[in-house]
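Input: a single structure, listed below in structure tokens.
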Amino acid sequence: MTAPAPAATRRRATAPWPALLVLAAVGLAALLPELLAPHDPFTQNVTERLAGPTATHPFGTDELGRDLLSRVVHGTRATLVTALLALAFAFGLSLLVGLAAGYLGGLVDRVLMAGVDVLLALPSLLISLLIVSGLGTGPGNLAVAVGIASVPALARVTRAEVLRVSSQPFVEAAAGFGVARHRVLPRHVLPHARGPISALAALELATMVLSVSALSFLGYGTQPPDPEWGTLIAGGRDYFATAWWLTTLPGAVLACVVLALHRLGRAVGHANEGLTP
């Protein structure tokens, strides 16, 4: 009988290399789109409008003759930056809510979790749509709207992890030695609760990318002629019968990125299994 493989070996064997490669390409497209884009994303050539995929234009051209691949590459930054801003906003707010509810307990816990339960009862996309309708269009407002919609899930997990870690002997010992609460939280509780929270944050980033693109599809994000994945997909709706690539290929890129982020989130969750005290 062969011995089971060590944990480190199993982790290496299940490392999400395809997802990491996809995300590395996305990061490069966001930081240095000129390296990947074969053409200027704004240059129009009406003589080549609605041309199908070729070696010169791998993703074809749009209704104004602009290279679609270049517009997808340059649109990466708008989508990704908005999603990352939404994640930062949601992460910060959910930490405040989850830490306060889990560590203080009592009335604070009941009030905060009641508000979280109300938000959890509504679809996240509906919450984002209601908020962005009131705030107006633009990447900043879109990030706030998508971020608020993701707070309930992150806050719930943060609270659960804080409750779990707070019951550990080392936290009780710190409190017994007279360490102030505002020192116990960042020094003893939060570092041991970060694993599941980080895994959920990676999964939420995938949802945020999809939500940002969906709201941009509805016209609440980056406005034309600036490229963004949701607006590119929306722009091809009127030509879908004759120019399928205008919606299909940007949609395929979006799907690959969302799946890669989801796979990375699962890998982070698996990597943190067994590492909690």
Side-chain angles (χ1 to χ4, degrees), residues 19-20 22-24 26-33 75-103 112 115-116 119-120 122-132 134-162 182 185-186 189-216 220-222 226 228-230 254 257-258 260-269 271-272:
L20 291 175
V22 170
L23 297 178
V26 170
L28 183 61
L31 294 173
L32 298 170
T76 303
R77 180 179 298 174
T79 302
L80 195 59
V81 168
T82 304
L84 289 174
L85 288 175
L87 179 62
F89 179 82
F91 195 75
L93 188 56
S94 64
L95 277 182
L96 292 175
V97 173
L99 287 174
Y103 197 70
L112 291 177
V116 167
L119 293 177
L120 282 173
L122 300 173
S124 59
L125 188 59
L126 177 60
I127 296 173
S128 299
L129 185 59
L130 292 174
I131 294 173
V132 79
L135 295 178
T137 60
N141 293 336
L142 194 59
V144 172
V146 173
I148 291 176
S150 298
V151 166
L154 287 168
R156 271 288 183 187
V157 171
T158 302
R159 173 183 177 272
E161 286 301 301
V162 169
H182 68 276
L185 278 174
V189 176
L190 189 57
H192 292 90
R194 67 180 184 273
I197 299 172
S198 300
L200 181 59
L203 293 173
E204 283 295 315
L205 181 58
T207 303
M208 288 175 179
V209 169
L210 195 59
S211 297
V212 167
S213 298
L215 292 173
S216 295
Y220 291 103
T222 302
D226 293 333
E228 195 275 336
W229 291 348
L254 174 62
V257 173
V258 170
L261 288 170
H262 192 273
R263 179 67 183 88
L264 179 63
R266 289 173 60 87
V268 171
N272 284 291

About how many Å separate [atom2] of [Y] and [atom1] of [X], when rounded to the nearest 0.5 Å?
| X | Y | atom1 | atom2 | value |
| --- | --- | --- | --- | --- |
| I148 | L135 | CD1 | CG | 7.0 Å |
| L205 | L264 | CG | CG | 9.0 Å |
| E228 | T82 | CD | OG1 | 7.0 Å |
| R156 | E161 | CZ | CD | 13.5 Å |
| S124 | L210 | OG | CG | 9.0 Å |

If you look at every heavy atom in [X] and [Y], which pair is closest and at what distance?
| X | Y | answer |
| --- | --- | --- |
| T79 | S213 | CG2-OG, 3.8 Å |
| A155 | V116 | CB-CG2, 4.2 Å |
| P152 | A149 | CD-O, 3.5 Å |
| T222 | P139 | OG1-CG, 4.1 Å |

_Testing L80, V212, V209 one by one against W229 for a side-chain contact (heavy atoms from CB on, under 4.5 Å), which residue passes?_
V209

*Sort out for me which residue in L261, L203, V146, V258 forms a side-chain contact (heavy atoms from CB on, under 4.5 Å) with M208.*
V146

With a cut-off of 3.5 Å and sequence neighbours excluded, list every side-chain donor-acceptor pair involving residues 84-99.
residue, atom, partner, partner atom, Å
S94, OG, A90, O, 2.8
S94, OG, F91, O, 3.0

*Decide yes or no for T76 and P33: does some side-chain heavy atom of the first lie under 4.5 Å from some side-chain heavy atom of the second?*
no

*Under the side chain to side chain contact (heavy atoms under 4.5 Å, CB included) criterion, do V151 and L119 qualify, and how do the steps go?*
CA-CA 9 Å; V151 166; L119 293 177; 5.5 Å; no

*Does anything in residues 88-102 pair up under salt bridge (charged side-chain N to carboxylate O under 4.0 Å, His left out), and if so which pairs, sequence neighbours excluded?*
none

_Verdict with supporting geometry, L129 and Y220, side chain to side chain contact (heavy atoms under 4.5 Å, CB included)_ = CA-CA 9 Å; L129 185 59; Y220 291 103; 3.4 Å; yes

_Please determine whether side chain to side chain contact (heavy atoms under 4.5 Å, CB included) holds for the pair S128 and L215, giving the CA-CA distance in whole Å, both sets of side-chain angles, and the decisive distance to 0.1 Å._
CA-CA 8 Å; S128 299; L215 292 173; 3.7 Å; yes

